[in-house]
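Residue numbers begin at 1 in each chain, while the letters A, B, ... track the order of the sequences.
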Number of protein chains: 2
Amino acid sequence: MIQSIDRAAKILALLQGARRLGIGELAAGLQLPPSTVHGIVKSLQAHGLVVQEAVGNRYMLGPALLKLSSVYLDTLDVRARAMRWMHELSRRTGLASRLGVESFGEVILIHHDRRPDDTEQMPETGLTIPSHASAIGKVLLAYSDEHAADVLARPLRNLTADTLTDPDKLRSEFPLIRRDALATENEEAVIGESSMAAPIIDGHGEVVAAVAIVIPANEWPPADATANILRETARNISRELGARSWPPSV
Amino acid sequence: MIQSIDRAAKILALLQGARRLGIGELAAGLQLPPSTVHGIVKSLQAHGLVVQEAVGNRYMLGPALLKLSSVYLDTLDVRARAMRWMHELSRRTGLASRLGVESFGEVILIHHDRRPDDTEQMPETGLTIPSHASAIGKVLLAYSDEHAADVLARPLRNLTADTLTDPDKLRSEFPLIRRDALATENEEAVIGESSMAAPIIDGHGEVVAAVAIVIPANEWPPADATANILRETARNISRELGARSWPPSV
DNA sequence: GTGCACCATTCGACATTATCGAATGTAATT
DNA sequence: AATTACATTCGATAATGTCGAATGGTGCAC
């Protein structure tokens, strides 16, 4: 591990949490002399990875990250294949749909198709959500022992009154999730919002992502037809990725 | 400039262009020994900034970039203020709208509101477009001498038959753009697609972004009413940012 | 099925390079 | 106008990343 790159990445992570920080605050965060941090920040700035705020002298994340992330999304085969199926999913169910993958124990959303009404909705692509409190996360955990071991070893954060924070309770859902190829989450992450997810597998039979629909709590539970459309979507995407069979075998 | 960070950023830039590269290819691109590149790539990988493809041993950009970019977008005051006005703009005009800022001589789109029909549309946030071939770019050039000097000094790439590649022709549009607080682009970037943009200013009177509508070529030119709604949108966003007057003075 | 070739990866000596503390500059605050 | 709290610059030092050679692994061809 190259020291200065490690430090640079940690600076980006700090800015990710705090939005705007001065050299001194970053130096305190890394426990390094300000001059050292300054050199690293200036190097990042030269590449547009951080920018200095127009007024004041604190630093924040830079636009180069947006450009890089846009290319990252383009490299994802799952996403390209999933997009049209997800649009169809949202159209048929009238619900927002999400596509997520695992990254460092969390779920990161790599696509989002809005609910098909004309209300204003936040773009959710790029958001990260805790694995244990999302339907997508539960799917990914249920199909990967090592991922599950990783996540369930750490303490699970409480997001709402209904968040499952007991590893054993969570683990007990996994067999059912694998049986139905379907996971649910009922106001466990956000009050008033539930979701349901299904696994997506690639040509090697590996679960590489999960697709979900977001259901307002007052429409819970969804009709059987809705769940079937979701499963159908996951199967169609999987088939496009070269999967021979669906649901995935354990 | 710290050497290893500079090299790391260049590796990210190479992957941005080429999607998937092996250590050897990266080493050739940077003209460095493979072992040196390997050390840098592994450091980036440890932080999720790059990932190794599941099968094969090439590397590609990683999910950490997506998470970082998501936070970057959240830090942008303009974007937060612009979103609801842009949704209104798209609703009233029936057209897709875009919000862009300047970065390293290019335009980078920081928000996108889809056309309000149920067709499938690519999310465009994060895309970069050449300044000289976009309405947003023309606005940002027209209001910033130093930015214009920068961009127009370099050769201008041809994107369609109608792309303006002569710096003088482009420069001659600037007074009109400033007079009307409105720039247009007619199939100069993408065949079949035109656009029209207006400047957004902040509390200091600086042009910090531009908002645009995307117009199918067969609907060109747009009605005067459409242009007025666009200008109104830019004014409303500017006012929320603390601007005292609009259009911006030169 | 075996051997070959290519490429990623590991390792350790070396000197380049980042680091750090002190000095300087800058802007805001009283 | 003086003071404080920053960011920023500079140069000596040795810690650090770099590089070439050796190793390991994987896929392809014969």
Side-chain angles (χ1 to χ4, degrees), chain A residues 1-62 75 77 202-206 242, chain B residues 1-62 75 77 202-206 242:
Chain A
M1 169 75 71
I2 293 174
Q3 188 183 51
S4 60
I5 293 180
D6 185 44
R7 289 172 170 179
K10 286 188 175 130
I11 285 173
L12 293 177
L14 277 177
L15 289 171
Q16 187 174 85
R19 306 284 144 102
R20 293 156 193 268
L21 292 173
I23 293 288
E25 295 168 302
L26 288 167
L30 293 185
Q31 301 198 266
L32 286 173
S35 56
T36 302
V37 172
H38 183 256
I40 297 170
V41 169
K42 282 297 170 189
S43 302
L44 291 172
Q45 186 180 19
H47 289 277
L49 296 167
V50 305
V51 290
Q52 202 163 13
E53 59 183 354
V55 56
N57 41 23
R58 290 178 306 178
Y59 292 87
M60 42 193 262
L61 296 175
T75 60
D77 208 19
D202 66 6
H204 308 290
E206 297 287 324
Chain B
M1 170 74 73
I2 292 173
Q3 189 184 50
S4 61
I5 294 180
D6 184 45
R7 290 172 169 178
K10 286 187 176 132
I11 286 174
L12 294 178
L14 277 176
L15 289 171
Q16 186 174 83
R19 306 286 144 101
R20 294 154 192 269
L21 292 172
I23 293 288
E25 295 167 302
L26 288 168
L30 293 185
Q31 300 198 264
L32 286 173
S35 55
T36 302
V37 172
H38 183 255
I40 297 171
V41 168
K42 281 299 170 188
S43 301
L44 290 171
Q45 186 180 19
H47 289 276
L49 296 167
V50 305
V51 291
Q52 201 162 14
E53 57 182 355
V55 55
N57 41 22
R58 290 178 307 177
Y59 292 87
M60 42 193 263
L61 296 175
T75 61
D77 207 20
D202 65 6
H204 308 289
E206 296 287 324

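Projected onto DNA chain C by closest heavy-atom contact, A:Gly56 and A:Val37 fall at different nucleotides, the more 5' of which corresponds to A:Val37. Between A:Val55 and A:Pro33, it is A:Pro33 whose nearest contact on DNA chain C lies nearer the 5' terminus. Checking A:Ile5 against A:Leu21, the closest nucleotide of DNA chain D that is more toward the 5' end is the one next to A:Leu21.
The distance from the CG atom of B:Leu32 to the CZ atom of B:Arg7 is 4.5 Å, given to the nearest 0.5 Å. The NZ atom of A:Lys42 sits 3.5 Å away from the OH atom of A:Tyr59 when rounded to the nearest 0.5 Å.
Regarding contacts with the backbone of D:dG17, every side-chain N or O of B:Ser4 stays at 4.0 angstrom or more from both OP1 and OP2. Close to D:dG17, at under 4.0 Å from its OP1 or OP2, lies no side-chain N or O of B:Arg7. In this structure, B:Ser35 does not reach the D:dG20 phosphate: none of its side-chain N or O atoms is under 4.0 Å from OP1 or OP2. Not one side-chain nitrogen or oxygen of B:Gln3 sits closer than 4.0 Å to the OP1 or OP2 atom of C:dT16. Using a 4.0 Å cut-off, some side-chain N or O of B:His38 falls inside it from OP1 or OP2 of C:dT9. Note on B:Tyr59: every side-chain N or O is 4.0 Å or more away from OP1 and OP2 of C:dC7. Look at A:Gln45 and you won't find any side-chain N or O under 4.0 angstrom from OP1 or OP2 of D:dT8. An OP1 or OP2 oxygen of C:dC20 is reached within less than 4.0 angstrom by no side-chain nitrogen or oxygen of A:Gln31.
As rounded to whole Å, 12 Å separates atom P of D:dT16 from atom CG of A:Asp6. When rounded to the nearest whole Å, the span between CD1 of B:Ile23 and C1' of D:dG24 equals 15 Å. Computed from coordinates, the A:Asn57 CG to D:dA5 C1' distance equals 10 Å when rounded to whole Å. If you measure from atom NZ of A:Lys42 to atom P of C:dT17, you get 22 Å, rounded to the nearest angstrom. Spacing between atom CZ of A:Arg58 and atom C1' of C:dA27 amounts to 15 Å, rounded to whole angstrom units.
Panel note: side chain B:Ser43, backbone A:Ile5; no donor-acceptor pair is recorded below 3.5 Å.
Note on B:Gly22: only backbone sugar-phosphate atoms sit closer than 4.0 angstrom, heavy atoms only; bases stay farther off. Within 4.0 Å of A:Glu25, counting heavy atoms only, lies no atom of the nucleic acid at all.
Looking at every heavy atom in both residues, A:Leu12 comes nearest to A:Leu49 through CD2-O, 4.1 Å.
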Inset, instruction - Step by step, work out the side-chain contact (heavy atoms from CB on, under 4.5 Å) result for B:Arg19 and B:Arg58. - result: CA-CA 10 Å; B:Arg19 306 286 144 101; B:Arg58 290 178 307 177; over 6 Å; no

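Comparing atom distances between the A:Ile40 side chain and each of C:dT19, D:dT8, D:dT18 picks out C:dT19 as nearest.
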